[in-house]
Amino acid sequence: MEVRDREILATLTHSVRVLTLHQAARTWWGGTAAPLANARRGLTKLVRGGLLAGSTALARPELSLTEPAATWTPGGEPPSFDAVAYQLHSRWSLALRPTRFFVATRTAANALGGYGGSLAHPLHLSHDLHVSTVFLRLRETQPDVASTWISERHLAQFRRHQKLPDAGLGCSPESLLAAIEFGNGYDAGRLRAFHADCAERSLAYQIW
């Protein structure tokens with residue numbers, strides 16, 4: 001198996017739930033003459049090998065997420081929840097459109113460890129693909145930080161009776177350094193609740 005194939009499968013079994021065709025193309029085939037066509041061929045090969053499953057569903061167009069909309073560290077002043085909510089809501093305006101995406105299969109999960117299978121909530125595709133956007137952004141710009149990424153599915157085993165962020169950064173689920181959340185149109189009340197939960201545990205966070 002090629003290194004690129006292993007990286008794609010590791011990303012989908014350990015870090016995020018989905019990758020869109022465009023995300024995969026720019027991340028792993030961006031230096032080629034025809035990124036989309038080459039990505040389609042490469043991912044189709046993994047589908048035929050039973051390691052990926054491809055599908056098309058409605059999702060909002062991918063946002064260009066270059067930095068968090070809000071960050072907080074214990075002891076610091078909380079962000080302006082009203083201002084952040086306005087920013088999150090105003091950017092979430094484009095209509096749904098057919099989006100080609102891929103998930104790891106259970107066969108891939110069994111081979112590499114981690115998780116696989118179809119999306120439990122297909123209607124959450126817009127949210128899930130933007131969590132992937134955040135991870136890929138960190139992978140590109142802060143690879144050392146991205147290497148500490150812990151997926152929501154892994155965190156879920158360790159967070160009972162607590163809010164579950166989209167991801168965490170840290171050495172282990174029991175000792176997170178920061179929570180990662182994609183705020184798809186969150187209102188001020190939901191942001192305050194997220195902040196309160198993190199503040200209670202002295203947990204830094206980034207809201208993208």
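Values reported hereafter were calculated over all heavy atoms of this structure, with side chains retained and with hydrogens, waters and symmetry mates removed. The first residue in the sequence is number 1, and the count goes up from there.
- Placement of L125 and V103 within a single hydrophobic cluster is found when ILVMFWY residues are connected by side-chain heavy-atom separations under 4.5 Å, directly or transitively.
- With N38 contributing its side chain and A34 its backbone, the two residues share a donor-acceptor pair below 3.5 Å.
- Here the CG-NZ distance, from L51 to K45, works out to 10.0 Å after rounding to the nearest 0.5 Å.
- Stacking of R137 on the aromatic ring of F135 is not recorded, the 6.0 Å distance cut-off and the 45° axial limit not both being met.
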*Assess whether side chain to side chain contact (heavy atoms under 4.5 Å, CB included) is satisfied between R17 and R153, documenting all intermediate values.*
CA-CA 9 Å; R17 285 188 171 91; R153 289 177 290 186; 3.6 Å; yes

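- Proximity of a side-chain donor or acceptor of Q206 to a complementary backbone N or O of P68 within less than 3.5 Å is not detected.
- Inter-residue side-chain proximity for V84 and Y186 is flagged as unmet; no heavy-atom pair is nearer than 4.5 Å.
- At a threshold of 4.5 Å between non-hydrogen side-chain atoms, the residues L155 and P173 count as touching.
- Atom CG of residue L176 and atom CG of residue L203 lie 6.0 Å apart, to the nearest 0.5 angstrom.
- Not a single donor-acceptor pair under 3.5 Å links the side chain of R6 to the backbone N or O of E2.
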*Report the C-alpha distance between V47 and F102 in whole Å, list the side-chain angles of each, state the deciding distance to 0.1 Å, and finish with yes or no for side chain to side chain contact (heavy atoms under 4.5 Å, CB included).*
CA-CA 9 Å; V47 170; F102 297 83; 3.9 Å; yes

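- Hydrophobic clustering keeps F194 apart from L164 (ILVMFWY residues linked when any side-chain heavy atoms are closer than 4.5 Å, directly or through intermediates).
- The CZ atom of R106 sits 13.0 Å away from atom OG1 of T13, with the distance rounded to the nearest 0.5 Å.
- Following chains of ILVMFWY side-chain contacts shorter than 4.5 Å, one can reach L21 starting from L63, so the two form part of one hydrophobic cluster.
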*What do the steps show when you test L88 against I207 for side chain to side chain contact (heavy atoms under 4.5 Å, CB included), and what is the final call?*
CA-CA 10 Å; L88 298 179; I207 298 175; 4.2 Å; yes

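- Atom-to-atom distance recorded for I150:CD1 and C171:SG is 8.0 Å, nearest 0.5 angstrom.
- You'll find the ring centres of Y205 and H195 inside the 6.0 Å limit.
- For an aromatic pair to be called close, the ring centres must be under 6.0 Å apart, and W92 with H130 satisfies this.
- Minimum heavy-atom separation, A59 to S126: CA-OG, 3.3 Å.
- For residues 60-88, the set of pairs meeting the side chain to side chain donor-acceptor pair (under 3.5 Å) definition, not counting sequence neighbours, comprises Q23-E62, R26-E62, E62-T133.
- Listed by chain and residue number, E7 satisfy the salt bridge (Lys or Arg N to Asp or Glu O under 4.0 Å) test with R139 (two or more places apart in sequence, or in another chain).
- Under the 3.5 Å distance criterion, the side-chain polar atoms of S132 are matched with a main-chain donor or acceptor of D128.
- R201 CZ to D197 CG: the interatomic distance, rounded to the nearest 0.5 Å, is 4.0 Å.
- L9 CG to L52 CG: the interatomic distance, rounded to the nearest 0.5 Å, is 5.5 Å.
- Between the side chain of S151 and the backbone N or O of S15, no donor-acceptor pair lies under 3.5 Å.
- One hydrophobic cluster, built from ILVMFWY side chains closer than 4.5 Å, holds both L169 and F182.
- Closest of all the heavy-atom pairs between A109 and G116 is CB-N, 3.6 Å.
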*asked:* Run the side chain to side chain contact (heavy atoms under 4.5 Å, CB included) test on W208 and N184 for me, step by step, so that the C-alpha distance in whole Å, both residues' side-chain angles and the decisive distance to 0.1 Å come before the verdict.
replied: CA-CA 9 Å; W208 287 74; N184 54 322; over 6 Å; no

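- The ring pair (Phe, Tyr, Trp, His ring centres under 6.0 Å) analysis of residues 12-37, with sequence neighbours excluded, yields no pairs.
- Under the 4.5 Å side-chain criterion, counting only non-hydrogen atoms from C-beta, L191 is not in contact with D187.
- The side-chain heavy atoms of L43 and F101, taken from C-beta on, include no pair separated by under 4.5 Å.
- Contact between P165 and A179 at its shortest, heavy atoms only, is CB-CB, 3.9 Å.
- When all heavy atoms of G30 and P35 are compared, the closest pair comes out as O-CG, 4.3 Å.
- A continuous path of hydrophobic side-chain contacts links L19 to L112 [ILVMFWY only; heavy atoms under 4.5 Å].
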